[in-house]
Each structure stands twice: as C-alpha cells, then as structure tokens.
2 protein chains.
Amino acid sequence: MPQITSRHNKSVSETCETIGIHPEAISMVSAKMPDSSFLIELADLFKLFGDNTRIRILWALSESEMCVCDLCALLEMKQPAVSHQLKNLKQARIVKTRREGKVIYYSLDDTHIRSLLNLGMEHIQEM
Amino acid sequence: MPQITSRHNKSVSETCETIGIHPEAISMVSAKMPDSSFLIELADLFKLFGDNTRIRILWALSESEMCVCDLCALLEMKQPAVSHQLKNLKQARIVKTRREGKVIYYSLDDTHIRSLLNLGMEHIQEM
DNA sequence: TGTTCATATAAGCATATGATAATTTAATAA
DNA sequence: TTATTAAATTATCATATGCTTATATGAACA
C-alpha cells in the first residue's frame, strides 16, 4: 500500500474514505477504546441526565428525599409523567425507593450521581 | 388549611394532587433549585454525552486529536453521520477544530469533558 | 483556472422518547 | 369488606433525533 509522509511525520494513506488518513492513530485509539458494551452503558447513563424533567428530579433529590406528589408539585407536572421518569431512573439504579404506607419516597441511590451533577454544573458555569 | 402531623413530625397537607404532601420540603428544595436556564443547559450538556456515536467520538478524542475521516474509519460510520455529530459537539463547544490544508482535526475543547467521561465510567464499573 | 479530495450541508425517513388521559394497583382506615 | 388515596401502568400521540443519500463548499495543487 503506497504511503506518503505528512509534515508531521506520521504515515498517511492515500484515501480517507474507507481506512482513514492516519492508520497508526486509528489503531492506537482503537486499542484504547473501552468495550462497546461499556460505551453503550455510559451513553445510556448520560442519556438519563440529558432531559430537563429528569435533571430537575435528580437535583431535587440531591437536596432531599421526596415523595412522588411532592415532586409533582415542585415540578408542576402531572403525576404519571413524574412516575414515568422515576421509573426510568429507578431501572438504572440512579434512584431508590422507600415505602411508608401509601407514600413512596425517592432518593438518590449513589454518591456518583451528585458528583456528576456538580461537575456538569461546574462546566456550565465556566462557559 | 387543615394540617395533620406525620410520624416524622413534618406537617402534611390533606391532598397531594396539587400542592404535595410536604409543603416545607417542597419550598426548601424549591429555594435550592438552580435557575431553570441552568438546568436546561445542564440537561443539554448531558444530552450530548447520551448518544453512543457521540460518546465514542468523545472517548476517541480524549485519546488523540483526530480528523473526520479517521473517525469515520474508527467508528465504521459514514462521513456525513460523523460530521453531523461533530457539528453538534462543536456548537456546544465540547470539541474544537484546527485546519491543516484540506484536513480538519478535531479535539476536546475542555478538561471538564475528560473528567465527566471518567466519572461516568467509574459509576458504570461500580455497578 | 480547473480538478481533486476532505468536509459540510440539506432533504427525507424511520425510530425513540416524553407527555397526556384513562385505568389499575396497593395500602390504609372506617 | 368497602372507600379512599398515592403511585404505577397502558395506550396514544406528537415531537425530536440520528442515519442515509445527494449535493455543495472550500482549500490545495497541477
């Protein structure tokens, strides 16, 4: 395969369409990529943070455990909508529940969650 | 408004539908919620991390600056699809570009990005 | 100046996702 | 048991989003 050398002294293939211009960079990065399943899980985790309703729920729960109807009142949203998002968060084990009679209290399930919220907010504030 | 007292000694309103069961908890949390605009920005930031293609791009760029066609080869995706996601990331100033002749190199624009990726991955690995 | 090639953009389509309304479940109290 | 009430579930609809194909830019170089 014909190769030329760029001014940066990396080998460069002739076509970019299929194999890229910098084969070594590609294979180096490729070797360092986590398994596909990890990256999918990671995207799924961030996806849950990537919705205005859910981020408000998470921020609220980072301040205090709350029941569903309190969240409805706080967010000014209908109960099924809130329950639906809580279900998503619970399935991902981002929040956990505690029942007290008819009332179900939700809270954060993990300290990482708070760190992610704070780190994200730091980024926003420095823009 | 009639109030009763729960076994947790917080005042409890009679209906949950409109105003929630724990008015003080609601107003305490409400006071601590960031402005709506911040939360929207925060959700938008996480939303960009919440896609498998973009997270792979970000992880790759966290290892090395890369041009578009190298990313295409690495991710085994068509060029317009990759360019489209790069555009989203660039608009949010998560990645930046550098042109060298016909080739445009992309790289991470901010150190927070790497921290967020790592913190997210930590969370995944401890589940 | 005209060709080549890396990248960007536009239009169209299919899927994913979030909200609503209606209904069901589950726990308590009468 | 029956009524009440907090929460969950189901069905439906509208919007958002990501990929594809086709086309357009724009820089380098003959």
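Protein chains get the first letters and strands the later ones, always in sequence-line order, with residue 1 at the start of each.
Taking atom NZ of residue K102(B) and atom P of nucleotide dA6(C), one finds them 6 Å apart after rounding to whole Å. Whole-Å rounding puts the I21(A) CD1 to dA28(D) P distance at 13 Å. Rounded to whole Å, the distance from CG on D51(A) to P on dT15(D) is 17 Å. Rounded to whole Å, atom P of dT20(C) lies 12 Å from atom CG of L75(A). Atom CD1 of I55(B) and atom C1' of dT17(D) are 16 Å apart (whole Å). For R99(B) and dG26(D), the CZ to C1' distance is 6 Å, given to the nearest whole Å. Rounded to a whole Å, the CD atom of E100(A) is 14 Å from the P atom of dA6(D). Atom OH in Y106(A) sits about 7 Å away from atom C1' in dA7(D), given to the nearest Å.
The phosphate of dG18(D) has OP1 or OP2 within less than 4.0 Å of a side-chain N or O from R54(B). Using a 4.0 Å cut-off, some side-chain N or O of K78(B) falls inside it from OP1 or OP2 of dT21(D). Contact check, S83(A) against dT9(D): no side-chain N or O comes under 4.0 Å of OP1 or OP2.
Residues W59(B) and V29(A) are not in side-chain contact: their nearest non-hydrogen atoms beyond the backbone lie 4.5 Å or more apart. Side-chain contact between L45(B) and I94(B) is present, with at least one heavy-atom pair separated by less than 4.5 Å.
Closest to the side chain of V103(A), out of dA6(D), dT7(C), dA22(D), is dA6(D). The side chain of V68(B) lies closest to dT7(C) when the candidates are dA8(D), dT21(D), dT7(C). The side chain of I104(A) sits closest to dA8(D) out of dA8(D), dT20(C), dC19(D).
I57(B) is not connected to Y105(B) by any chain of hydrophobic side-chain contacts under 4.5 Å among Ile, Leu, Val, Met, Phe, Trp and Tyr, and they are in different clusters. In the hydrophobic cluster analysis, where Ile, Leu, Val, Met, Phe, Trp and Tyr join through side-chain heavy atoms closer than 4.5 angstrom, M28(A) is grouped together with L108(B).
Counting atom types as modelled, Q79(A) pairs no side-chain N or O with a base atom of dA6(D) as donor and acceptor under 3.5 Å.
Using modelled atom types, one finds a donor on one side chain and an acceptor on the other under 3.5 Å when comparing Q79(A) with S83(A).
Listed in residue order, the members of residues 84-94 of chain A having a heavy atom less than 4.0 Å from DNA chain D are K87(A).
Environment of CD in E126(A): crowded, with over 12 heavy atoms of neighbouring residues, nucleotides or ligands closer than 6.0 Å.
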Show your working on side-chain contact (heavy atoms from CB on, under 4.5 Å) between K96(B) and K90(B) and close with a plain yes or no.
CA-CA 6 Å; K96(B) 60 179 191 287; K90(B) 191 177 180 189; 5.9 Å; no
